[in-house]
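Data first, discussion second: the structure below is written as structure tokens.
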Protein chains: 2
Amino acid sequence: MSEERAERVWRGLRSLVLERHERRREVCDALGMSFIRVKALRSLAASPKTMRELAADLLIDAPYATLVVDDLVRRGLARREVHPEDRRSRIVRVTPEGTEAAARADSILSAPPPPLLSLPPEDLDTLDRIVARLLSG
Amino acid sequence: MSEERAERVWRGLRSLVLERHERRREVCDALGMSFIRVKALRSLAASPKTMRELAADLLIDAPYATLVVDDLVRRGLARREVHPEDRRSRIVRVTPEGTEAAARADSILSAPPPPLLSLPPEDLDTLDRIVARLLSG
DNA sequence: CCATTTGCTTATATTTCTACAAATACCTCC
DNA sequence: GGAGGTATTTGTAGAAATATAAGCAAATGG
């Protein structure tokens, strides 16, 4: 049955990402902030957002988003700007320091784990193709 | 460069597991408990453990493990038994209700996401092999 | 305009997580 | 059988996360 195989694969993928090569702690230590702030910083570095959009992206509510952004602003990693078309709204944008910090987080989180690096090239190739397909599906 | 491809693959895997098909919230809602309790329950359902072993498995400290197990016991999902060979130590074991709840959690967490189920059989086969290799490495 | 809605903030409260110090009970080794 | 070490619990404190209510400013739509 392929259902069974799919389950084994899924458990394996979860195990790799969530247990074996989890890097939350490492990133939080490196940046000196909680993981939700790292997520916020990376989300904002990827593209500036209104508070509402950020809250939706992080799956948090608006008041908490305010606290998180307050903290990033206090650290000099982000700025609030008034939305040009709706002055109720703020666009949150990372500063150059924020960009740099987000890049540091990315480099830790995106670093492939050793087993992936020592995969035979043709396997890596195949995996690349399959993962792309899974992401597009 | 294969390093670059490995990075793309790793980012893709993280995205699949952590963003697209994250099921923490769902499991916590279904069982009515925080995720660390779900993890504890599943760990104990997989095999009974002493407090120390459980704490090590969950990467939490001993006092917090006591709180978590207290809660599971209060819910009737686990029991403490005196270790037969060391009366300082307790073996924590899930109850039948705990086994049932852990199975419910498993069925949510292990359910392969749709894109994985609609993968061509030969791709799933290959993926299965590669994931096994990554886990063993 | 005025009422209503929307976007955000402030305030407040609760739960969850993390950490550390100290107490208790038991084991082991001399 | 006493010293020192281990397993767990208790207590405490604080940070982080989550939720709700209330408020302000600006937009929208009669």
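Model, not experiment: these values are computed from the prediction. Each chain gets a letter, A, B and so on, in the order its sequence line appears, and its residues count up from 1.
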Rounding to an integer number of Å, can you tell me how far [X] [atom1] sits from [N] [atom2]?
X: A:M51; N: D:dA25; atom1: CE; atom2: C1'; answer: 16 Å
X: B:I91; N: D:dT8; atom1: CD1; atom2: P; answer: 10 Å
X: A:R24; N: C:dC17; atom1: CZ; atom2: C1'; answer: 13 Å
X: B:M33; N: D:dT18; atom1: CE; atom2: P; answer: 18 Å
X: B:L58; N: D:dT8; atom1: CG; atom2: P; answer: 13 Å
X: A:K49; N: C:dC8; atom1: NZ; atom2: P; answer: 13 Å
X: A:E85; N: D:dA26; atom1: CD; atom2: C1'; answer: 15 Å
X: B:R74; N: D:dT9; atom1: CZ; atom2: P; answer: 13 Å

Do any side-chain nitrogens or oxygens of [X] fall under 4.0 Å of OP1 or OP2 in [N]?
X: A:S34; N: D:dA17; answer: yes
X: A:R90; N: C:dC8; answer: no
X: A:Y64; N: D:dT18; answer: no
X: B:R88; N: C:dT28; answer: no
X: A:R37; N: D:dA17; answer: yes

Salt bridge flag under 4.0 Å for residues B:R75 and B:D71: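 Result for this pair is yes, salt bridge flagged.
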
Scan side-chain atoms only and decide if [X] and [Y] contain a donor-acceptor pair under the 3.5 Å cut-off.
X: A:T95; Y: A:R79; result: no
X: A:R129; Y: A:T126; result: no
X: B:S107; Y: B:R104; result: no

Proximal nucleotide (of C:dT9, D:dT10, D:dT20) relative to the B:P63 side chain: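 Of the candidates, D:dT10 comes closest.
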
Consider the side chain of B:I36, meaning its heavy atoms from C-beta on, and name the nucleotide among D:dT10, C:dC17, D:dT8 that approaches it most closely.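 Comparing D:dT10, C:dC17, D:dT8 against the side chain of B:I36, the answer is C:dC17.
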
Select from A:I60 and B:T66 the residue whose nearest nucleotide in DNA chain D is closer to the 5' end of that strand.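 Looking at DNA chain D, the more 5' nearest nucleotide goes with B:T66.
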
Upstream residue (5' side of DNA chain D) when B:S89 and B:L67 are each assigned their closest nucleotide: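 The residue closer to the strand's 5' end, by nearest nucleotide, is B:S89.
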
Using a 4.0 Å heavy-atom cut-off, does A:D61 contact any base of the nucleic acid, only the sugar-phosphate backbone, or nothing at all?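 A:D61: base contact, heavy atoms under 4.0 Å.
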
How do A:R80 and B:L59 order along DNA chain C: which one's closest nucleotide is nearer the 5' end?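 Nearest nucleotide further toward 5': that of A:R80.
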
Side-chain heavy atoms of B:Y64 within contact of B:I36, under 4.5 Å: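 Contact flag for B:Y64/B:I36 side chains = yes.
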
